[in-house]
Protein chains: 2
Amino acid sequence: MPHSSLNRLIRKLETGLVLSDEERNAILQLPVTTRDLKADQDIVRYGDRPSQCCLLVEGFLCRYKTLPDGVQTIMAFYVAGDIPDVHSLHLGLMDHTLSTVAPSRVAFIAHDAMRRLTHQHPRLADAFWRDTLIDAAVFREWIVNLGSRDAYSRIAHLLCEIFLKLKAVGLTNGNTFALPITQSKLADATGLSSVHVNRSLMQLRADGLITLDKGRCTIPEFERLE
Amino acid sequence: MPHSSLNRLIRKLETGLVLSDEERNAILQLPVTTRDLKADQDIVRYGDRPSQCCLLVEGFLCRYKTLPDGVQTIMAFYVAGDIPDVHSLHLGLMDHTLSTVAPSRVAFIAHDAMRRLTHQHPRLADAFWRDTLIDAAVFREWIVNLGSRDAYSRIAHLLCEIFLKLKAVGLTNGNTFALPITQSKLADATGLSSVHVNRSLMQLRADGLITLDKGRCTIPEFERLE
DNA sequence: CGACGCTTTGACCCGTTTCAACAATGGTGG
DNA sequence: CCACCATTGTTGAAACGGGTCAAAGCGTCG
């Protein structure tokens, strides 16, 4: 049922401000359509002009660009509750691709409905705006990661980020969380080769900072991982 | 006079949509205070809770973070007409520092005034929102730059970006533009050592792609620089 | 059971960093 | 107007992190 997806969205927006009943209802009345997708499926592609926003209900998404030589760079990961392309509301043309990393359920909200909502409820506009600004803050963090850290801490940092994101929406189990991301995708996200990602991960394990077991990752002592 | 700075802002917003007279007047009536700064002066620092937005009237700004070990990473450059910290409107705490790269003139607009403006004029809110989204798109481009390109094309790409930004606001002179950025700052922005930036720049010159002369840069054939 | 995709390993190579010195530049005060 | 000093730019040699290529384990799922 669509309501559960919108509730997740509301919960997310309410981390920034308190919503009135009216505002909450306005969100719940948004018309959404839901779709289930397998892993590695593009949702919106480079060059598209989307007419709807997408809301991740369950699973894992990423945002990537492909260079002329075929190299892919992942610029962000998203988890349940994230609404990764509000920005298509104001920037018509996609300059990159949004795709699933793992099997996922996504909900779509038409741009028209979103625009009506944000114009009738300026505070909701602010809340969505804020969300895109947090996204931008994470991009900045990635710039720092790629620009100034070595392989080892780049990966450590990325794992921390994913852990915190999942924890914020209650998808962690103690210090353990699902990590359905292949090493070669981690490589695309950290600007390293998959071979070196593998070696760094093994080093992190040898140092006792993480445990990996069939797509699940455990971080015994979060602080030590910076 | 403050009006010239606000006019620059209006021109920038109008690249995205057409403003009504009413909207334009609302902007022109924003109370601003202007300040002149030397090079390398922080405007808002990491940890600050700014109560105003800053608008760059003239000069060059950058956004950077400092890591515990003292390494600085530059995440963005800004030129006249840019309004680099609208995001402080919705994200109270600064997670990085905004600073001058060259002598600059900046104008400040109180958050209160901005908030009133955007709530009374939803389309202006959209326009500012759009601006922050473009900022985010540039961050993504930097992620690609750092993650997937070698030193030579990283620098080429950065020079292209600055050239296009300056050209958009009419601050280029043919293929020539002011580049008041030291090589060591270019290094901080590209994730390279200043020595290697120097070598790559010399290579670009040797290949005839750029000419450097006392803080001015010329790009004879833009296409060849990707 | 076999095939396919992901992880792990080893050997070798290359782009980039580091350190250190030196040259050019520009701004300042006398 | 010149002498001085502090930045910035330029250069060389040596060391290292991470890339590439290729092959071998391992799981998993039809």
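Lettering of chains follows the sequences in order, A, B, ..., and the numbering in each one begins at 1. Being a predicted model, the structure only gives us computed values, none of them experimental.
Using modelled atom types, one finds a donor on one side chain and an acceptor on the other under 3.5 Å when comparing Ser153(B) with Asp150(B).
As rounded to whole Å, 14 Å separates atom C1' of dG19(D) from atom CG of Asp188(A). We find that CG of Asp150(B) is positioned 17 Å from P of dG18(D), with the value rounded to whole Å. Between the CG atom of Leu204(B) and the P atom of dT10(D) there is a distance of 12 Å, given to the nearest Å. Rounded to a whole Å, the CG atom of Asp69(A) is 10 Å from the P atom of dT20(D). One interatomic measurement links the two molecules: CG of Leu192(B) to C1' of dT16(C), which rounds to 8 Å at whole-angstrom precision. As a whole-Å value, the separation of Leu201(B) CG from dT11(D) P is 12 Å. Atom CE in Met202(A) sits roughly 4 Å away from atom P in dT9(C) (whole-Å rounding). Residue Lys214(B) contributes atom NZ, which lies 11 Å from atom P of dG27(C) at whole-angstrom precision.
Note on Gly191(B): only backbone sugar-phosphate atoms sit closer than 4.0 angstrom, heavy atoms only; bases stay farther off. Among the atoms of the strands shown, base atoms are found under 4.0 Å from some heavy atom of Ser193(A).
Salt-bridge annotation for Glu141(A) and Arg149(A): present, with a side-chain N of the basic residue lying under 4.0 Å from a carboxylate O of the acidic one. Asp82(A) has a carboxylate O that lies under 4.0 Å from a charged side-chain N of Lys12(A), or vice versa, which qualifies the two as a salt bridge.
The side chain of Arg154(B) contributes no N or O atom lying less than 4.0 Å from OP1 or OP2 of dG15(C). Note on Asn198(B): every side-chain N or O is 4.0 Å or more away from OP1 and OP2 of dG9(D). At dT7(D), none of the side-chain N or O atoms of Gln183(B) fall inside 4.0 Å of OP1 or OP2 (strictly under the cut-off). A sub-4.0 Å separation between OP1 or OP2 of dG17(D) and a side-chain N or O of Arg149(A) is absent.
Within 3.5 Å, a donor on the side chain of Arg199(A) pairs with an acceptor on the base of dG10(C), or the reverse.
Distance check, rounded to the nearest 0.5 Å: NZ of Lys65(B) to OH of Tyr46(B) gives 8.0 Å.
The residue among Tyr152(A) and Ile181(B) whose nearest nucleotide of DNA chain D is located toward the 5' end is Ile181(B).
Comparing atom distances between the Ala151(A) side chain and each of dT7(C), dT11(D), dG18(D) picks out dG18(D) as nearest. Between dG19(D), dT8(C), dT16(C), one nucleotide has an atom nearer to the side chain of His196(B) than all others, and that is dT16(C). Distance from the side chain of Val195(A) is smallest for dG10(C) among the nucleotides dT28(D), dG10(C), dG9(D).
Below 30°, between 30° and 60°, or above 60°: for Trp129(A) and Trp129(B) the angle between ring planes is below 30°, a parallel geometry.
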